[in-house]
Amino acid sequence: MKKSNILAIGATVLLLAGCGNGKSSDVSKKAGGKYAAKQELNWTESNTLATADLSKATDTLSFNVLMNIQEGLYRLDKNGTPQLALAKKANVSKDGKTYNFELRKGVKWSNGEDVTAKDFVYSWRRTVDPKTTSQDAFYLNQVENANEIIANKKDPKELGITANGKYKLTVKLTKAVPYFKQLLAWPLFYPVNQTTVEKYGKLYGTQAKYSVYNGPYVLTGWNGTNKSWTLVKNKRYWDKGNVHLDKIHELVTESTTTGYNLYQAKKADETLLSGQQVKNLKSSPAFVKRLPTATARLDLNQNKVPEFKNKNIRRALSLAIDRKELTDNVLQDGSMPSKGFVPYGIGKDPVSKKNFADQAYVKEAVEFNLKKAKKYLEKGYKETGTSKLDLNILTSDTDTSKQTAEFLQSKLEALPGVKISVTCVPFVQMLAKQKNSDYQITVKTWQSVFADPINFLDIWESDASYNNSGWKNAEFDKLLDEAENTYANQPAKRWQKLVKAEELLAKDQGTIPLYQQAKSQLLRENVKNVVYNPAGVPYDWKTVYIAK
């Protein structure tokens, strides 16, 4: 991910809300009442926790947990503005390519060791080291020598990050990056404790006991596969006075019916809603809904199914899907049909102020037209010398995922010669299969790290670690290269290159956009100060429980 104007809405990872310097009594008044004696929150999650290793994390839940158990140089406040965290002071050179930080002294890891500049150096080097196999290493590509290290052409020790003593850190970039402070607030750029990583080796981050923490909470009760864990207030956290919750109990409920039953029984303080639940409960005072910049799409794996290399077959499959019927009659949770791969709300033209999703809209790429779909499929069959497609859709085992897959199955089977089966697996297993390109068709979601179209588009570059469906396009690569390099400091020209790239991706049907996800939930009225990231995930440590 590379550039541009950042809004406070972009990501799985638009990170921790600020701690605040107000006194507890002031916060209590703002929260709307007196703090409850027992500051424990019971929260539900729809997926299991995949990892506590920041170099290996790729999903929203893992990053959200990391934002609560670890901390970096910056964190974002509720408005998305970077605020100093472990950095006490920061200085940026006039050319925007050198960052000098002075770290807070006395900050401790949960094992008692000091958090120092070398922890950042070790962490960043570890992420870009090819041996780590970090899927997100490319986020550091603006750091000096990072690309060469990732390509195994230089030693990780040559990365442009240096510890100048115990509490001073210097970062050198290859070019000015307007949103770099936002990236520094994201877990991938946090420090790690070298002692702990080397002690546990491959086990690091796979269970709570194989990790060490420097954030507001420590992770407990997680064995790597179980469906419940607890975040416990970190007694060593430098700003613990502004952390009000003592414990956050998290429970995985793949079924929203189960979550609702727990909420009704007062065993959960929050639960996600889907489908008919939203219709039935949207008038409740406890109902909360938001439309983050998260999207769902259908990826066609050209590495497994040669016919997917044919553009007419890809077009046919896309045109056979009625996205409005999917959002209105199946999901029923406020999600919106996608206009393209980049979602609505991810940025505006620096000149016209028009929303990117409107500006780059290619109607035929996302419309429903079964008649036209059949014509494209007939043409594709002739071009590939086949007359049928026996395909499988891989998805996770949550209620919403199953319903979506079944809907897609019914729509795609309306095409001549198309037969669809569905495989539902646990979320973590699905992530592994997607990473290894072990699927024919799969439903994927993407949530950006910052609010700029590039954070969606560059996962489709030919050499991108997330591009595992086999789609490649040299012109697309050129457009992104021009946007991020040739016109990096010319916002209007850069924007137009990104618009053209989205249009190309849409016309070539490199992926099949489905919908922009809504997040609807019930939240007890005496749970206050919850700050949400754009993925609809709360920054738990800022939350307080108010006595009734």
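Cation-pi geometry between Arg104 and Trp238 is satisfied (NZ or CZ under 6.0 Å from the ring centre, within 45° of the ring normal). Note that Arg236 lies outside the cation-pi zone of Tyr213, set by a 6.0 Å cut-off to the ring centre and a 45° limit from the axis.
Interatomic distance, Leu298 CG to Leu514 CG, rounded to the nearest 0.5 Å: 5.5 Å. Rounding to the nearest 0.5 Å places CG of Leu84 at 11.0 Å from NZ of Lys89.
In this structure, Trp471 and Asn301 have side chains that are not in contact, with every pair of non-hydrogen atoms separated by 4.5 Å or more. By the 4.5 Å heavy-atom criterion applied to side chains, Asn193 and Tyr122 are not counted as neighbours. A 4.5 Å side-chain heavy-atom check between Asp59 and Asn47 finds every atom pair outside the cut-off. Between Leu394 and Ile441 there is no side-chain heavy-atom pair separated by less than 4.5 Å. By the 4.5 Å heavy-atom criterion applied to side chains, Asn303 and Phe308 are not counted as neighbours.
A salt bridge between Lys227 and Glu45 is absent, with no side-chain N of the basic residue lying under 4.0 Å from a carboxylate O of the acidic one. A salt bridge is absent between Lys157 and Asp129: the closest approach of a Lys/Arg side-chain nitrogen to an acidic carboxylate oxygen does not fall below 4.0 angstrom. Asp397 has no carboxylate O lying under 4.0 Å from a charged side-chain N of Lys402, or vice versa, which leaves the two without a salt bridge.
With hydrogens and angles disregarded, a donor-acceptor distance shorter than 3.5 Å links the side chain of Gln409 to the backbone of Ile420. Side-chain atoms of Ser338 never come within 3.5 Å of backbone atoms of Pro513 as a donor-acceptor pair (strictly under, hydrogens ignored). Remark: side-chain polar atoms of Thr442 are not paired, donor with acceptor, to backbone N or O of Lys444 under 3.5 angstrom.
What you find for Asp458 and Leu480 is that their closest heavy atoms are CA-CD1, 3.6 Å. Contact detail for Val212 and Ser110: the closest heavy-atom pair is CG2-OG, 3.1 Å. Heavy atoms only, all atoms of each residue included: Ser211 and Thr196 are closest at C-CG2, 4.1 Å. Closest approach of Tyr237 to Arg75, counting heavy atoms only: OH-NH1, 3.4 Å. Minimum interatomic distance between Ala57 and Leu66 (heavy atoms only, all atoms of both residues): CB-CD1, 3.8 Å.
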Apply the test side chain to side chain contact (heavy atoms under 4.5 Å, CB included) to residues Leu73 and Tyr190: give CA-CA distance (whole Å), side-chain angles for both, the deciding distance (0.1 Å), then the verdict.
CA-CA 7 Å; Leu73 296 165; Tyr190 290 0; over 6 Å; no
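Using a 3.5 Å distance cut-off with no hydrogens or angles, the side chains of Asp114 and Thr116 do not pair a donor with an acceptor.
For NZ of Lys233, the number of neighbouring non-hydrogen atoms (other residues, nucleotides, ligands) closer than 6.0 Å is greater than 12.
When Tyr200, Tyr204, Trp222 are each tested for a ring-ring contact (aromatic ring centres under 6.0 Å, His included) with Tyr210, only one passes: Tyr200. The ring-ring contact (aromatic ring centres under 6.0 Å, His included) test with Tyr99 singles out one residue from Phe180, Phe120, Tyr74, and that residue is Phe180.
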